[in-house]
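Remarks on the structure that follows.
Throughout, protein chains are lettered first and strands after them, A, B, ... in sequence-line order, and every chain is numbered starting at 1.
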Number of protein chains: 2
Amino acid sequence: MSTYHPPREDLALPAVLHALSDPQRLRIVRELSRDPEPRPCGSFLLDVSKSTKTHHFRVLREAGVITQRVLGTSKLTSLRREDLDQRFPGLLDAVLASAETPVAVPA
Amino acid sequence: MSTYHPPREDLALPAVLHALSDPQRLRIVRELSRDPEPRPCGSFLLDVSKSTKTHHFRVLREAGVITQRVLGTSKLTSLRREDLDQRFPGLLDAVLASAETPVAVPA
DNA sequence: CATATTGTTCGATGATCGTCGTACAATTGA
DNA sequence: TCAATTGTACGACGATCATCGAACAATATG
């Protein structure tokens, strides 16, 4: 049960899109792409509680978007960029590029 | 209230990704891209009821993925390809290309 | 006018989701 | 050994979701 990672062939588009459709998770993925160095979950600045963070990382992992490996008391997270690019060419890049677009702020 | 279409600037990435994360809606979008001719909702073959269809078309419309315009008793649906491409370059194409990938079928 | 045809509206239902706090587990370090 | 750090597990909560059927509305067509 612990830290299941789906094999590349099992990555499903709806699950990946769903994983990326949450603002907090999108932020995680953006940070990971800007700084690909594997980082502990705690180093991501999200305005949610610790347990909610755990939840979001699980959703991303089970959709195949990230990998997590234990190191001491930490869990290092990295993007499964290669798998994503193989399975869904151009998708991650398009999402990341789209996420860079600033949101229109009301006057 | 009737048939609201968000202006291009208001298209939000999470909403679009969420709209595309459902298999039925993904199928609608794929059909629309293969055959860009505006079609009535009824011409899409989904294994859901009429009212559920209405629901999915509303989600897609409110996310800015499709347009719907009335013609007689029908409602013609088309992809907002230009708006999507401007706002989220490459996203729709990547999603569509990824959706073409056949799902692995268990032996 | 009567009847299809096409789609919406309106609950309702069961499932999933995002969020939280508390308690717990595991490792590190003094 | 004791305390700090890092993350998980477990309910629980309200919100949203995908789905349905039945009733309704609007337009065509006979």
* Asked: With nearest nucleotides of DNA chain C determined for A/L71 and B/T54 from heavy-atom distances, which residue corresponds to the more 5′ nucleotide?
  -> B/T54
* Asked: Expressed in angstrom and rounded to an integer, what is the separation of A/K53 atom NZ from D/dA9 atom C1'?
  -> 18 Å
* **Sidechain N-carboxylate O distance under 4.0 Å for B/R81, B/D93** => yes
* Answer with base, sugar-phosphate or nothing: what part of the nucleic acid does B/S74 contact at a heavy-atom distance below 4.0 Å? => sugar-phosphate
* Structure fact -> Result for 5'-nearest mapping on DNA chain C, choosing between A/G72 and A/D22, is A/D22
* Structure fact -> Whole-Å distance, B/R25 CZ to D/dT19 P, equals 8 Å
* So, does B/R61 use its side chain to make a donor-acceptor pair with the main chain of B/Y4 at under 3.5 Å? -> yes
* Nearest-nucleotide wise, let me know which of B/S51 and B/V59 is further upstream toward the 5' end of DNA chain D. => B/V59
* Gap between atom NE2 of B/H56 and atom CG of B/L26 - 0.5 Å precision -> 11.5 Å
* Return the value, rounded to whole Å, for the distance between atom CZ of B/R58 and atom C1' of C/dT8. => 9 Å
* Closest to the A/H56 side chain: C/dT19, D/dT19, D/dG7? -> C/dT19
* **4.5 Å side-chain heavy-atom contact, B/R80 and B/L11** => yes
* **Whole angstrom value for the distance that separates P of C/dT19 from CG of A/D47** => 9 Å
* Rounded off to whole Å, could you give me the CG-to-P distance for the A/L46 and D/dG7 pair? => 12 Å
* May I have the distance from B/R69 (atom CZ) to C/dT6 (atom P), rounded to whole angstrom? => 17 Å
* Asked: Can you check the B/E62 CD to C/dT8 C1' distance for me, whole Å?
  -> 13 Å
* Establish, yes or no, whether the cationic atom of A/R39 lies under 6.0 Å from the six-membered ring centre of A/F44 and within 45° of the ring axis. => yes
* Output the single nucleotide from C/dG21, D/dT19, C/dG7 whose closest atom is nearest the side chain of A/S49. => C/dG21
* Structure fact -> note: B/K50, atom NZ; D/dA25, atom P; distance rounded to Å ~ 14 Å
* Asked: Considering only side-chain heavy atoms of B/T73, which listed nucleotide, C/dG7, C/dT6, D/dT19, is closest?
  -> C/dT6
